[in-house]
Amino acid sequence: MSDMLTIGDRELTSRLFIGSGKYSSNAVIPAVMEASGAQVITVAVRRVDPEAGQENILAHVPKSAILMPNTSGARTAQEAVRIARLARAAGCGDWVKIEVINDNRYLLPDNFETVKATEILAAEGFTVLCYMSPDLAAGRRMVEAGAAAVMPLGAPIGTNRGLKTREMVRIMIEELDVPIVVDAGIGRPSEACEAMEMGAAAVLVNTAVASAADPVGMARAFGRAVAAGREAWLAGPGAVSELARASSPLTGFLGE
């Protein structure tokens, strides 16, 4: 059965997106991508230096991957727009993950500024994916502004705390008609699997893989977990009950 994920004008077979920060060496990125099966990788534009040769992170991104520059470092919509335009001018394509963060303690995204940046960049032909604090009203405004997907966080970025926002993410999955990509906070493959079982379209992980003792092995585990969660969602999980329900008839006991 075909089960493609469509975002913008691209169709994806993998529902795992990979981040490119925090690795001990950029040289491990190709092996991480191959082991995970991921087709999309996000890169902070401020880390891209075309003049840096082999130290340029783009030199380690597989040619077949879809590059999704992000606007990490932006504190306002205007800064995010400027970063996205610089990425396009540098040859990074039209996909962009908008990150607007002006909270230095928890690094929570500014949904209001993200909506403004989305409206501008979508009108300029970018495929916009919005990193956001889970909020249905803000998600609707991002979709109305032209977002191709929204990316609610599972927990504060880099924490590996898991899917702490599951109820808000669940509501967004039910109510929005664009792909929901759970981003940030996912620390273990089982948590990625849970997000997919809930009906998320995809999951993005970075710290969980980059900080693992064996990043390539962890990337492989995440790839399998995301695929398993998706397959379970497609299969339709059974109903949850407060009371016990026997799986065999409660009749025909010995002696009756």
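Excluded from the calculations below are hydrogen atoms, water molecules and symmetry mates; all remaining heavy atoms, backbone and side chain alike, are included.
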Exercise. May I have the step-by-step check of side-chain contact (heavy atoms from CB on, under 4.5 Å) for V181 and F17, ending in yes or no?
Key: CA-CA 9 Å; V181 182; F17 298 180; 4.0 Å; yes

Quiz item: Listed by chain and number, what are the salt bridge (charged side-chain N to carboxylate O under 4.0 Å, His left out) partners of E191, not counting sequence neighbours?
Solution: none

Exercise. List the steps and the verdict of salt bridge (charged side-chain N to carboxylate O under 4.0 Å, His left out) for K116 and E113.
Key: CA-CA 5 Å; K116 292 196 294 184; E113 292 293 309; 2.9 Å; yes

Exercise. Give a yes or no on whether the backbone of V32 and the side-chain of S36 come within a donor-acceptor separation of less than 3.5 Å.
Key: yes

Quiz item: How long is the span from the NZ atom in K22 to the OG atom in S211, to the nearest 0.5 Å?
Solution: 7.0 Å

Quiz item: Within a reach of under 6.0 Å around CD of E231, are more than 12 heavy atoms found that belong to other residues, nucleotides or ligands?
Solution: no

Exercise. Of all the heavy-atom pairs spanning V128 and A122, show the shortest one and how long it is.
Key: CG2-N, 3.8 Å

Quiz item: Given the rule that I, L, V, M, F, W and Y join up when any side-chain heavy atoms are under 4.5 Å apart, are I186 and Y23 in one cluster?
Solution: yes

Exercise. Decide whether Y131 and Y106 are clustered together by the hydrophobic rule: side chain heavy atoms of Ile, Leu, Val, Met, Phe, Trp, Tyr closer than 4.5 Å, transitively.
Key: yes

Self-check item: Side-chain donor/acceptor of E175 to backbone N/O of L136, under 3.5 Å
Solution: no

Quiz item: Which atom pair, heavy atoms only, marks the closest approach of T165 to L153?
Solution: OG1-O, 2.7 Å

Quiz item: Charged N to carboxylate O below 4.0 Å: is that the case for E124 and R85?
Solution: yes

Self-check item: Worked check of side-chain contact (heavy atoms from CB on, under 4.5 Å) between R230 and D3
Solution: CA-CA 10 Å; R230 177 66 181 178; D3 180 36; 2.8 Å; yes

Quiz prompt | Listed once per pair and sorted, the side-chain hydrogen bond (donor to acceptor under 3.5 Å, both in side chains) pairs that draw on residues 65-77, sequence neighbours left out | solution = T42-N70, R46-S72, R75-E79

Exercise. Measure the CG-CG distance between L67 and L58 for me, rounded to the nearest 0.5 Å.
Key: 6.0 Å

Practice problem: For E174, look at atom CD and say whether over 12 heavy atoms of other residues, nucleotides or ligands are found less than 6.0 Å away. | Solution: yes

Exercise. For residues A117 and A77, report the shortest heavy-atom separation together with the two atoms involved.
Key: N-CB, 3.7 Å

Quiz item: Under 4.5 Å between side-chain heavy atoms, hopping through other hydrophobics if needed: is there a path connecting L176 to L5?
Solution: no

Quiz item: Transitive ILVMFWY cluster of F112 at side-chain heavy atoms under 4.5 Å: who else is in it?
Solution: none

Quiz item: How far apart are the closest heavy atoms of A74 and E99, and which atoms are they?
Solution: CB-O, 3.5 Å

Self-check item: Polar contact flag, side-chain donor to acceptor under 3.5 angstrom, D135-N111
Solution: no

Exercise. Mind checking the NE2-OG spacing from H60 to S20? Nearest 0.5 Å is all I need.
Key: 11.0 Å

Exercise. Examine distances only and state if a side-chain atom of D103 and a backbone atom of L108 form a donor-acceptor pair shorter than 3.5 Å.
Key: yes

Self-check item: Euclidean distance, K97 NZ relative to T114 OG1, rounded to 0.5 Å
Solution: 11.0 Å

Self-check item: Charged N-O contact under 4.0 Å between E167 and R170
Solution: yes

Quiz item: Is atom CZ of R141 surrounded by more than 12 heavy atoms (other residues, nucleotides or ligands) closer than 6.0 Å?
Solution: no

Quiz item: Going from CG on D183 to CD1 on I157, what distance comes out if it is rounded to the nearest 0.5 angstrom?
Solution: 6.5 Å

Exercise. Report whether L86 and M68 are members of the same hydrophobic cluster (ILVMFWY, side-chain heavy atoms less than 4.5 Å apart, transitive linking).
Key: no

Quiz prompt | Contact summary for P134 and P152, nearest pair of heavy atoms | solution = CG-CB, 3.9 Å

Self-check item: Steps toward side-chain contact (heavy atoms from CB on, under 4.5 Å) verdict (L121, V81)
Solution: CA-CA 7 Å; L121 293 172; V81 168; 4.1 Å; yes

Quiz item: Should I7 and V40 be counted in the same cluster of Ile, Leu, Val, Met, Phe, Trp and Tyr side chains packed under 4.5 Å apart?
Solution: yes

Practice problem: Could you tell me whether the side chain of T118 and the main chain of A145 form a donor-acceptor pair under 3.5 Å? | Solution: no

Self-check item: CA sep, side-chain torsions, deciding dist, call: C92, R88, side-chain contact (heavy atoms from CB on, under 4.5 Å)
Solution: CA-CA 5 Å; C92 294; R88 174 187 266 175; over 6 Å; no

Self-check item: Shortest non-hydrogen contact between A38 and L16, atoms and distance
Solution: CB-O, 3.1 Å

